[in-house]
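See below for the structure under consideration.
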Amino acid sequence: MSDKDFKTWQCRTCGYIYDEEKGDPDEGIAAGTRWADIPEDWVCPMCGTPKADFDMVEI
Amino acid sequence: MKIPEDIATTIVDPKAYAAEDPVQEAFTKLRRDIPLGIAEPEGFDPFWAVTKFDDIQEIERQNELFHNGDRASVLTTIEADKWVREVMGGSPHLVRSLVQMDNPDHFNYRKLTQGWFLPQNLRKLEDRIREIARTFVDRMAELGSECDFARDVAFLYPLHVIMEILGVPEADEPRMLKLTQELFGPADPEVNRTGEDVMVDPKAGFDAIFETVAEFMEYFNEMTEDRRANPREDIASIIANGEIDGAPLDHLAAMSYYIIVATAGHDTTSNTTAGGLWALLENPDQYQMLAGDRGLIDGFVEESVRWVTPVKHFMRTATDDAEIRGQKIAKGDWLMLCYPSGNRDEEHFDEPFKFDITRSPNKHVAFGYGAHICLGQHLGRMEMRVLWEELLPRLKSIELAGTPRRTEANFVCGPKSVPIRYEMN
């Protein structure tokens with residue numbers, strides 16, 4: 001999979017954006033981590049919303 | 001476990017928040033000895049004081065188990081609660097904004113304006129916000145070498161931004177600022193409506209808040225009529241013409257929506273902006289670091305938000321029996337989420353009493369957590385980042401020119417005066 005395929009996902013509650021290219025190192029998620037590889041019980045680091053309540057967005 | 005009376009009194013005392021040290025000392029003792037205990041200050045119904053970061057998040061995350069609206073959503077004395085219920089037909093709330101709502105209303109009402117406040121929409125507004133920031137930086141330069149940064153810049157810049165977004169004409173901004181200060185500083189004679197100490201006559205203090213809310217509603221009622229006839233690209237038009245389940249917003253909820261945007265939409269950012277500069281000037285090493293590396297502006301903004309924590313509490317009511325930190329919380333219990341305490345929690349932050357613009361990670365609870373997390377958090381951050389991007393390069397020197405002072409308030413509180421001396425390019 002090429003870098004061009006990186007996607008961004010947004011929390012419906014607070015607007016936090018997870019960018020696969022950047023990951024979230026503060027949360028222990030390395031840059032390049034795909035959304036599908038984030039555990040299903042992961043929650044939004046800003047507001048605690050479940051992973052299922054994120055939408056894929058184009059920023 | 002019951003909290004000692006002197007500490008319980010301190011954590012509800014507006015003067016203790018203005019002085020800050022007394023309230024932070026009280027919270028530090030509570031985190032150490034009674035992290036979750038019952039407070040019974042005179043004149044208030046008993047409530048749990050939630051002082052730990054993790055407990056605040058756990059309660060906010062469970063928004064069905066801990067409601068905002070079942071009892072007063074901000075600290076209210078027994079007397080004031082009685083007066084509110086008399087006026088509002090039994091409801092404990094003078095207004096019915098997102099802060100007082102639970103689902104399904106909270107979800108539906110929040111959804112109406114959420115899109116406006118998301119980062120992708122705010123990006124479109126950034127150029128205009130930068131223009132506004134520049135006018136305030138220029139105004140600071142025109143003032144010469146001294147000003148009150150709170151009064152002359154920090155109060156007015158976020159006010160202008162949110163009023164433009166809401167759709168309030170510039171000529172009405174001073175009135176909006178005054179009403180906001182009356183609403184959030186009812187205990188402070190320098191900003192409240194009567195100019196009197198509310199402890200002398202609490203009923204007069206309550207009547208003054210009621211008059212402030214009524215004046216807001218009269219203003220926004222006219223705005224609703226205007227926007228229904230002439231919709232524009234502003235938040236007022238969304239509120240005036242919005243529908244929930246195919247019907248217009250109920251009147252009180254619509255008026256309250258305007259009020260929350262017109263008050264919380266600027267006062268919290270103003271407090272954080274003024275308090276952030278105050279902290280920076282008391283920590284010259286941090287200022288030197290920031291002046292030499294503008295890449296630290298985002299970190300400065302985030303640390304300012306944690307440091308100031310302008311919203312001091314919200315209340316929650318348990319909808320069922322629950323357990324937090326091994327303590328039994330009974331259905332109907334009232335809980336005070338003590339945000340300034342969570343943001344100084346030694347178990348969550350290294351050196352929490354150090355103002356550190358390089359703090360990373362800096363996950364705090366100043367914007368809340370869970371479904372009720374601050375709707376305007378991205379706007380607030382952007383406004384502050386843009387202001388500092390414009391102001392810092394213009395500063396040749398800056399220092400405090402007097403002792404800053406905070407508003408006396410136990411709900412929303414921050415600096416009301418930050419005198420500074422400076423040289424600008």
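Residue numbering restarts at 1 for every chain, and letters A, B, ... go by the order of the sequence lines.
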Compute whether any side-chain donor of one residue and acceptor of the other, for [X] and [Y], lie under 3.5 angstrom apart.
| X | Y | value |
| --- | --- | --- |
| B:Glu302 | B:His364 | yes |
| A:Asp24 | A:Tyr16 | yes |
| B:Asp234 | B:Ser237 | yes |
| A:Trp9 | A:Asp55 | no |

**Asked** Looking at A:Pro25, A:Cys44, A:Gly15, which makes the most heavy-atom pairs under 4.5 Å with chain B?
**Response** A:Gly15
**Message:** Please rank B:Gln114, B:His372, B:Arg123 by heavy-atom pairs under 4.5 Å with chain A and give me the top one.
**Reply:** B:Gln114
**Prompt:** Between B:Lys111, B:Gln57, B:Gln377, which has the largest tally of heavy atom pairs under 4.5 Å with chain A?
**Reply:** B:Gln377
**Prompt:** Stepwise, does the salt bridge (charged side-chain N to carboxylate O under 4.0 Å, His left out) test hold for A:Glu27 with B:Lys363?
**Reply:** CA-CA 10 Å; A:Glu27 294 295 314; B:Lys363 295 282 190 309; 3.4 Å; yes
**Asked** Which atoms of B:Glu60 come close to chain A, meaning under 4.5 Å heavy atom to heavy atom: side chain ones, backbone ones, both, or neither?
**Response** neither
What part of [X] gets closer than 4.5 Å to chain B, counting heavy atoms only: side chain, backbone, both or neither?
| X | value |
| --- | --- |
| A:Thr13 | both |
| A:Pro45 | both |
| A:Glu58 | neither |

**Item:** Interatomic distance, A:Cys14 atom SG to B:Phe117 atom CZ [nearest 0.5 angstrom]
**Value:** 15.0 Å
